[in-house]
Student: 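Below you will find the structure I want to go over with you.
What you see below is based on every heavy atom in this structure, not just the backbone, and it leaves out hydrogens, waters and symmetry mates.
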There are 2 protein chains.
Amino acid sequence: VSQFDDDTAVAAAGPKRWHAHFTNRWNIGDKPNGGYILATAVRAMQSELRAQGDDQHPDPLSVTAHYLRPGTPDADVVIDTEMIRVGRQFATIRATLSQAGKERIAALATFGNLDALQTNAAGPSATTLCPPELPDPSTCLAREPLTPGLPSMHEQMVTLLHPNSGWMTGQRSGRAEISGWLGFADGREPDVLSLPLFADAMPPAVFELMDRPSWVPTIELTVHVRARPAPGLLRTVFRTNNLRDGLLDEEGEVWDSEGRLVAQSRQLAMLLT
Amino acid sequence: VSQFDDDTAVAAAGPKRWHAHFTNRWNIGDKPNGGYILATAVRAMQSELRAQGDDQHPDPLSVTAHYLRPGTPDADVVIDTEMIRVGRQFATIRATLSQAGKERIAALATFGNLDALQTNAAGPSATTLCPPELPDPSTCLAREPLTPGLPSMHEQMVTLLHPNSGWMTGQRSGRAEISGWLGFADGREPDVLSLPLFADAMPPAVFELMDRPSWVPTIELTVHVRARPAPGLLRTVFRTNNLRDGLLDEEGEVWDSEGRLVAQSRQLAMLLT
């Protein structure tokens, strides 16, 4: 059992309701990371599908979360779920994740079966994207905690940024792109459930435009899981294409060790200056 | 009053419930277009916010819909809404749109105030994207109905494709990108509420890879509204980056006549061969 699996575990707590507990091990600053919150909600939705007898749709193909309030570390979590439709190919479900009676995220997800999709696929394949070129992990920059001494999610992770990630060394590139290797520090291999975490684990790409890092809270994050990741470190790249009136998009790609695009993400976030 | 406003009108029908009616004027083939369905749901969510006394968050900043079943034209619509949170800057609300007792889409949206965001923005702006280069509308290709004689949404719209849109002339480019001008045929100007429609109104970009057009149903569509559009035709471009195992993404940009990026979209869709 891994730290990630332990810290996103959910337990049945009544009809359509699941309990979890946020540790402080996935904090950014003093708050649980948004990807950690989303991964916990996805695990609850997946568990609800199984609890309702659906074993045909194990994989979260498209997951959207709207972030309502920051999460609280070292505190209990309630996830209320509602099945919307179980069809042949897809199952759609929503969830609200709360702590202390206050909603933290609202989520909506469609689950399916990546293996069945692969087996049944008859049409063409075409990818215009390429994995980001990253130097050997040994020459990349390890992500440091924002505040030394405080718990940080990056202690549980392998987070190795491309050496061109200038904001870490005080030489921002002026181009809102950040790339790097991601994985779990305890050797747990990536799977579909961890992709929502990895889709929101890198420092914001917009840091490359800023004099100093600021707070970039997510308003909405959507993750498309496109394939089951192979074992090994993930190659990731995140870009902000449009920063305007204090709002920004961030698009991400997550590639596995066999060169497959395993997740695509997009979020709308706010830049607090 | 415009055709679009008429055909997406909603009326209060009890607590948190709204009624609408899908005409056949926004059909693709024999079904209502997914953007038309979403625009109707967004109008209901906007109306619910107002009905609950919230006049601070008129603009749909981020809207996600999961498509559960095709819509039915010439038929009544029920939209059930649920307010999730009204905060200072944002209001979050969900909706389920049904016809004949069957859910057609589940939606989740965050509303805000584009004018207030613009007024209060203190930080930098940066856009790495450029509007698509489009020839003069007079030299673009008017979108023809899929089946001559049947009603088509394109009769209500100005849909002028870049002449390089090869699938229309039997010379597909092999590059999954389609661009063109979009607007309303009756001269109604674009606004934030029509952007979800325009984000799903162009033919699928993946047609440029196919021997012949097929059916590309949307699984999930997210639209970010980034600015209030100026009057005039919109410049749009849509690209599929990753087609794999019968699923594909499609990313879109919608630009207004003053060169502002007014909407970004991404969908996960299925390719039926």
Student: Go through the atoms of A176(A) and report whether side chain, backbone, both or neither lie under 4.5 Å from a heavy atom of chain B.
Tutor: neither
Student: Mind ranking H224(B), R244(B), Q264(B), H66(B) by heavy-atom pairs under 4.5 Å with chain A and telling me who comes out on top?
Tutor: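 Looking at each of H224(B), R244(B), Q264(B), H66(B) in turn, H66(B) comes out on top.
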Student: Side chain, backbone, both or neither: which part of R260(B) has a non-hydrogen atom closer than 4.5 Å to chain A?
Tutor: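 For R260(B), the contact with chain A is made by the side chain alone.
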Student: What part of T240(B) gets closer than 4.5 Å to chain A, counting heavy atoms only: side chain, backbone, both or neither?
Tutor: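 Only the backbone of T240(B) comes within 4.5 Å of chain A.
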Student: What is the minimum heavy-atom distance between R94(A) and A95(B), and which atoms define it?
Tutor: NH2-O, 3.8 Å
Student: Quick one: does any side-chain atom of R175(B) pair with a main-chain N or O of T128(A) as donor and acceptor, under 3.5 Å?
Tutor: no
Student: Among S125(A), S62(A), A121(A), which has the most heavy-atom pairs under 4.5 Å with chain B?
Tutor: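 Top option by heavy-atom pairs under 4.5 Å: S62(A).
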Student: Top residue by heavy-atom pair count (under 4.5 Å) with chain A, among L271(B), I84(B), D249(B)?
Tutor: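 Most heavy-atom pairs under 4.5 Å with chain A: D249(B).
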Student: For Q171(A), is the CD atom crowded, meaning more than 12 foreign heavy atoms sit under 6.0 Å from it?
Tutor: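 No - once you tally the heavy atoms of other residues, nucleotides and ligands closer than 6.0 Å, there are 12 at most.
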Student: Determine whether a donor-acceptor pair (N or O, by modelled atom type, separation under 3.5 Å) exists between the side chain of R85(A) and the backbone of L68(B).
Tutor: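 Checked: pair present.
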Student: Please step through side chain to side chain donor-acceptor pair (under 3.5 Å) for the pair D245(B) and Q118(A), ending with a clear verdict.
Tutor: CA-CA 5 Å; D245(B) 298 341; Q118(A) 191 173 21; 4.5 Å; no
Student: Tell me, side chain or backbone of T110(B) under 4.5 Å from chain A's heavy atoms, or both, or neither?
Tutor: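 Both the backbone and the side chain of T110(B) come within 4.5 Å of chain A.
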Student: Is it the backbone or the side chain of S98(B) that comes under 4.5 Å from a heavy atom of chain A, or both, or neither?
Tutor: neither
Student: Quick one: are L243(B) and P124(A) in side-chain contact, heavy atoms under 4.5 Å?
Tutor: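 Yes, their side chains come closer than 4.5 Å.
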Student: Chain B heavy atoms under 4.5 Å from T222(A): which part of the residue, side chain, backbone, both or neither?
Tutor: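 Side chain only.
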Student: Examine whether an atom of L129(A) lies under 4.5 Å from a heavy atom of chain B, and if so say whether it belongs to the side chain, the backbone or both; otherwise answer neither.
Tutor: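 Contact with chain B is through both the backbone and side chain of L129(A).
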Student: I need the residue from E103(A), M210(A), R69(A) with the largest number of non-hydrogen atom pairs under 4.5 Å to chain B.
Tutor: R69(A)
Student: Examine whether an atom of Q267(B) lies under 4.5 Å from a heavy atom of chain A, and if so say whether it belongs to the side chain, the backbone or both; otherwise answer neither.
Tutor: backbone
Student: Indicate yes or no for a side-chain donor-acceptor contact from R226(A) to the backbone of L247(B) under 3.5 Å, with no hydrogens or angles considered.
Tutor: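 Pair found, side chain donor or acceptor close to backbone of L247(B).
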Student: Between T96(B), T64(B), L272(B), which shows the greatest number of heavy-atom pairs under 4.5 Å with chain A?
Tutor: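 Option with the greatest count: T64(B).
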Student: If you count heavy-atom pairs under 4.5 Å with chain A, which of L61(B), L248(B), N241(B), L261(B) comes out on top?
Tutor: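 Most pairs with chain A among the choices: N241(B).
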